[in-house]
Asks: 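Sharing a structure with you now.
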Amino acid sequence: MAVQERLAEFQGVFDMLDKDKKGYLDFESLKAGMEALQLHPKDQDVRKMIMEADVQKTGTIGFQEFVNVMRAKLDKLDSEEDVIDAFITFDRADKGWIPVDELRRALTTQGDKLNDAEWRAVAKEAGSDGHFDYEKFVKKIMGTSSKQ
């Protein structure tokens, strides 16, 4: 993704969180925005996020600080190839898809287990044939699926 496109995305998210158009995110706006995204953070987590991002020590997060945090978070994300490789572990038949029941068992009982709501969100991506096309899913969540 081009730098300008990424900045425009960050600006859109920042503007969504900055409902009062103050030009910065404070505790209330950050917490309200996260709750709107159904993340339901604890107060201490919101304060910690502000402390980590607030390099100017104003108690708020300006746009550039927000961009810096978002870039750092995105840099830590696994690559598309890494995520696909993780799914391949469960594709024993090497068909490019995983049976939904097998995927549910893996994602709700191993490692960082998904809760029911998280599982339902993933399961929505499964085909009506009971197959989960993991490459298509990964491309969608990583923002690399071809636009049609």
Side-chain angles (χ1 to χ4, degrees), residues 1-91 96-98 100 102-128 131-148:
M1 178 177 292
V3 172
Q4 293 298 27
E5 289 174 350
R6 181 70 58 164
L7 278 175
E9 274 186 4
F10 291 158
Q11 185 69 58
V13 172
F14 185 87
D15 291 346
M16 179 193 74
L17 295 172
D18 182 21
K19 288 186 191 266
D20 296 333
K21 306 299 178 221
K22 297 180 273 187
Y24 60 84
L25 304 177
D26 56 15
F27 175 86
E28 290 80 19
S29 59
L30 185 56
K31 182 166 182 168
M34 292 177 73
E35 287 175 344
L37 296 170
Q38 299 186 359
L39 297 175
H40 309 292
K42 295 179 183 174
D43 287 357
Q44 65 193 32
D45 295 332
V46 176
R47 285 188 191 92
K48 182 179 177 189
M49 290 173 70
I50 291 173
M51 279 180 32
E52 290 172 359
D54 182 20
V55 295
Q56 296 181 3
K57 306 299 179 210
T58 60
T60 63
I61 302 172
F63 178 66
Q64 190 57 52
E65 292 168 321
F66 180 76
V67 168
N68 294 341
V69 168
M70 293 301 292
R71 281 186 176 149
K73 297 266 185 219
L74 289 173
D75 287 346
K76 290 181 181 178
L77 290 177
D78 293 326
S79 72
E80 181 177 320
E81 185 178 330
D82 292 337
V83 177
I84 288 173
D85 286 346
F87 279 111
I88 286 173
T89 304
F90 302 104
D91 183 7
W97 53 267
I98 304 167
V100 173
E102 199 171 309
L103 182 64
R104 180 184 180 121
R105 191 170 30 262
L107 295 180
T108 60
T109 64
Q110 301 174 14
D112 289 333
K113 300 173 186 87
L114 298 184
N115 63 36
D116 286 340
E118 293 166 331
W119 165 249
R120 284 192 299 273
V122 171
K124 285 181 185 176
E125 300 301 322
S128 58
H131 298 157
F132 182 83
D133 181 335
Y134 54 84
E135 287 190 28
K136 180 179 169 185
F137 174 72
V138 171
K139 287 184 183 306
K140 180 177 180 179
I141 65 169
M142 300 295 275
T144 58
S145 58
S146 59
K147 305 223 185 325
Q148 297 178 5

Asks: Can you sort out the partners of Gln44 under side-chain contact (heavy atoms from CB on, under 4.5 Å), two or more places apart, ordered by chain and number?
Replies: Lys42

Asks: Is Arg71 close to Leu7 at the side-chain level, that is, under 4.5 Å between some pair of heavy atoms?
Replies: yes

Asks: Mind checking the CE-CD1 spacing from Met70 to Ile61? Nearest 0.5 Å is all I need.
Replies: 11.0 Å

Asks: Could you tell me the separation between the CG atom of Asp15 and the NZ atom of Lys21, rounded to the nearest 0.5 Å?
Replies: 5.0 Å

Asks: Looking at residues at least two apart in the chain, or sitting in another chain, which of them share a side-chain contact (heavy atoms from CB on, under 4.5 Å) with Tyr134?
Replies: Ile84, Phe87, Ile88, Asp91, Ile98, Phe132

Asks: Show me the donor-acceptor pairs within less than 3.5 Å that the side chains of residues 22-33 make with the rest of the protein, sequence neighbours left out.
Replies:
residue, atom, partner, partner atom, Å
Lys22, NZ, Asp26, OD2, 2.6
Asp26, OD1, Glu28, N, 3.4
Asp26, OD1, Ser29, N, 2.9
Asp26, OD1, Ser29, OG, 2.9
Ser29, OG, Asp26, N, 2.9
Ser29, OG, Asp26, O, 3.2
Lys31, NZ, Asp43, OD1, 2.2

Asks: Considering residues, nucleotides and ligands other than Glu81, do more than 12 of their heavy atoms fall under 6.0 Å from its CD?
Replies: no

Asks: Can you give me the closest heavy-atom contact between Val100 and Ala126, atom names plus distance?
Replies: CG2-CB, 3.4 Å

Asks: Just to verify, what does Asp18 make a side-chain hydrogen bond (donor to acceptor under 3.5 Å, both in side chains) with, not counting sequence neighbours?
Replies: none

Asks: Flag the pair Gln64 / Val67 as yes when at least one side-chain heavy-atom distance between them is below 4.5 Å, and no otherwise.
Replies: yes

Asks: Can you tell me if CE on Met51 sees more than 12 non-hydrogen neighbours from other groups inside 6.0 Å?
Replies: no

Asks: According to ring pair (Phe, Tyr, Trp, His ring centres under 6.0 Å), does anything in residues 51-72 pair up with another residue at least two apart or in another chain? List the pairs.
Replies: Phe14-Phe63, Phe14-Phe66

Asks: For a quick test of your reading: what N or O donor-acceptor pairs under 3.5 Å do the side chains of residues 112-120 make, sequence neighbours left out?
Replies:
residue, atom, partner, partner atom, Å
Asn115, OD1, Ala117, N, 3.0
Asn115, OD1, Glu118, N, 2.8
Glu118, OE1, Asn115, N, 2.8

Asks: Nearest 0.5 Å, what's the CG-CD distance between Leu103 and Glu125?
Replies: 11.5 Å

Asks: Does Met34 form a side-chain contact (heavy atoms from CB on, under 4.5 Å) with Met49? I'd like the steps, not just the answer.
Replies: CA-CA 12 Å; Met34 292 177 73; Met49 290 173 70; 3.7 Å; yes

Asks: Do you know which two heavy atoms are closest between Gly59 and Asp54, and how far apart they sit?
Replies: N-OD2, 2.6 Å

Asks: Mind listing the closest non-hydrogen atom pair of Phe90 and Glu102 along with its distance?
Replies: O-OE2, 3.3 Å

